[in-house]
Amino acid sequence: MSKNGPFALAFNALVIAFMLAPLVVVCVVAFTPENTLTLPTTEFSLRWFQAVFAHPDFMQSFWNSLQLGLASATLATLVAVPAGLAITRYDFPGRDFLNGLFLSPLIIPHLVLGVALLRLFALVGGTGSFGFLIFAHALIVTPYTLRLVVAALVGFDRSAEQAALSLGASQATVFKRITLPMILPGVTGGWLLAFINSFDEVTMSIFVTSPSTVTLPVRMYMYATESIDPLMAAVSALMVAITAVAMIVLDRLYGLDRVLVGGHR
């Protein structure tokens with residue numbers, strides 16, 4: 001196998017550093033004891049992290065985002081698994097259209113979706129409803145789950161399923177005992193990506209949230225327009241930490257290579 005030369009390695013290192021530098025700066029600024037966005041030079045402080053947990057609006061928005069992410073990711077998974085099975089295993093009229101329909105939120109700007117959903121919710125009387133907010137988030141995160149479910153099903157060896165069916169097992173039993181456990185890494189990875197995208201969604205949420213259902217990213221946006229203190233840096237650092245922990249847990253349970261690119265350990 002040919003190895004990368006020094007120039008290629010240096011270029012890759014610069015690209016990675018360029019991508020990670022903003023996150024590192026924000027996380028370091030979160031530990032400043034000052035009242036403005038400055039890098040700590042003499043001492044580090046947890047002052048702004050304590051302020052986050054003492055801020056009732058931010059804590060309520062965090063719980064809103066957490067519940068919303070869990071519900072929308074679960075709903076997206078419940079839709080993506082049967083849709084993925086239908087798309088990969090059956091040939092029927094409109095299959096390509098169905099696949100494109102499920103993936104369309106990836107190419108439609110969230111600003112457009114937000115305006116459209118706001119109008120729809122106003123027509124059906126769902127403005128401010130947490131249930132309709134879950135539906136809106138499930139709509140935009142389903143493609144992430146569907147892509148990983150489809151990737152797990154492509155090239156799936158169905159010999160074990162056929163053997164179980166020949167021995168008298170029902171379709172439901174085969175799915176529960178054989179199919180689902182074998183595609184579980186893809187399903188889990190899709191659920192996690194859906195949760196992360198729902199938790200971080202801000203553009204569409206601005207249009208469809210109400211004062212009682214404001215999510216954490218929307219709260220951060222509202223706060224950032226009124227203040228420039230390091231509180232936003234602390235909240236951002238916490239969100240980065242939550243995402244990193246989630247990815248580490250997923251890697252320890254299944255391996256990111258299996259979940260994201262279909263590799264095998």
Side-chain angles (χ1 to χ4, degrees), residues 22-23 26-27 30 51-53 55-80 101-148 189-229 231-247:
L23 294 179
V26 168
C27 291
V52 172
F53 291 105
H55 201 298
D57 289 337
F58 274 102
M59 292 308 300
Q60 181 60 47
S61 296
F62 169 78
W63 290 116
N64 287 342
S65 290
L66 182 62
Q67 296 173 31
L68 180 61
L70 292 173
S72 60
T74 301
L75 178 59
T77 303
L78 292 176
V79 173
L101 179 64
F102 278 115
L103 298 180
S104 60
L106 290 176
I107 61 174
I108 300 176
H110 288 190
L111 176 65
V112 176
L113 283 175
V115 174
L117 289 172
L118 175 62
R119 179 59 177 165
L120 174 63
F121 294 167
L123 290 175
V124 300
T127 304
S129 169
F130 195 73
F132 279 90
L133 184 59
I134 293 174
F135 166 79
H137 274 239
L139 177 68
I140 64 172
V141 301
T142 296
Y144 299 98
T145 307
L146 180 62
R147 292 309 300 161
L148 290 185
W191 184 93
L192 183 60
L193 288 181
F195 172 80
I196 292 173
N197 279 276
S198 174
F199 194 90
D200 291 341
E201 171 59 34
V202 59
T203 305
M204 184 202 67
S205 298
I206 291 176
F207 293 92
V208 295
T209 56
S210 66
S212 61
T213 61
V214 173
T215 61
L216 184 58
V218 174
R219 180 70 65 186
M220 293 172 64
Y221 173 80
M222 295 167 58
Y223 189 88
T225 60
E226 303 172 354
S227 177
I228 57 171
D229 60 42
L231 187 66
M232 286 299 90
V235 177
S236 300
L238 289 173
M239 294 183 68
V240 170
I242 292 173
T243 303
V245 169
M247 299 304 290

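Here the structure is a predicted model, which is why all the values come from computation and not from measurement.
- Residue Phe130 comes nearest to Asn64 through the heavy atom pair CZ-O, 3.9 Å, listed as atom of the first residue, atom of the second, then distance.
- The CD atom of Gln67 sits 11.0 Å away from atom OG1 of Thr213, with the distance rounded to the nearest 0.5 Å.
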Derivation and outcome, side-chain contact (heavy atoms from CB on, under 4.5 Å), residues Met239 and Leu216:
CA-CA 10 Å; Met239 294 183 68; Leu216 184 58; 4.1 Å; yes
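- Nearest approach of Phe53 to Met59, heavy atoms of both residues: O-CG, 3.6 Å.
- Applying the ring pair (Phe, Tyr, Trp, His ring centres under 6.0 Å) rule to Tyr223 yields the partners Phe58; only residues at least two apart in sequence or on another chain are considered.
- Heavy atoms only, all atoms of each residue included: Ala233 and Val26 are closest at CB-O, 3.7 Å.
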Just do the side-chain hydrogen bond (donor to acceptor under 3.5 Å, both in side chains) check on His137 and Ser205 with the steps written out, would you?
CA-CA 8 Å; His137 274 239; Ser205 298; 2.8 Å; yes
Output, in order, the C-alpha distance, side-chain angles, deciding distance and verdict of side-chain hydrogen bond (donor to acceptor under 3.5 Å, both in side chains) for Glu201 and His110.
CA-CA 9 Å; Glu201 171 59 34; His110 288 190; 2.9 Å; yes
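- Judged by distance alone, with hydrogens and angles left aside, the side-chain atoms of Ser198 form no donor-acceptor pair with the main-chain N or O of Ala194 at under 3.5 Å.
- In this structure, Ala73 and Thr77 approach most closely via the heavy-atom pair O-OG1, 2.8 Å.
- Counting only distance, with no hydrogens or angles, the side chain of Asn197 and the backbone of Val141 share no donor-acceptor pair below 3.5 Å.
- Residues satisfying the ring pair (Phe, Tyr, Trp, His ring centres under 6.0 Å) criterion with Phe102, sequence neighbours excluded, are absent altogether.
- Applying the ring pair (Phe, Tyr, Trp, His ring centres under 6.0 Å) criterion to Tyr144, with sequence neighbours excluded, gives no partner residue.
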With side-chain hydrogen bond (donor to acceptor under 3.5 Å, both in side chains) as the test, would you mind laying out the steps for Thr145 and Trp191 before giving the verdict?
CA-CA 6 Å; Thr145 307; Trp191 184 93; over 6 Å; no
side-chain contact (heavy atoms from CB on, under 4.5 Å) for Phe132 and Val208? Distances and angles first, verdict last.
CA-CA 9 Å; Phe132 279 90; Val208 295; over 6 Å; no
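- How far CD1 of Ile134 is from CG of Leu139: 13.5 Å, rounded to the nearest 0.5 Å.
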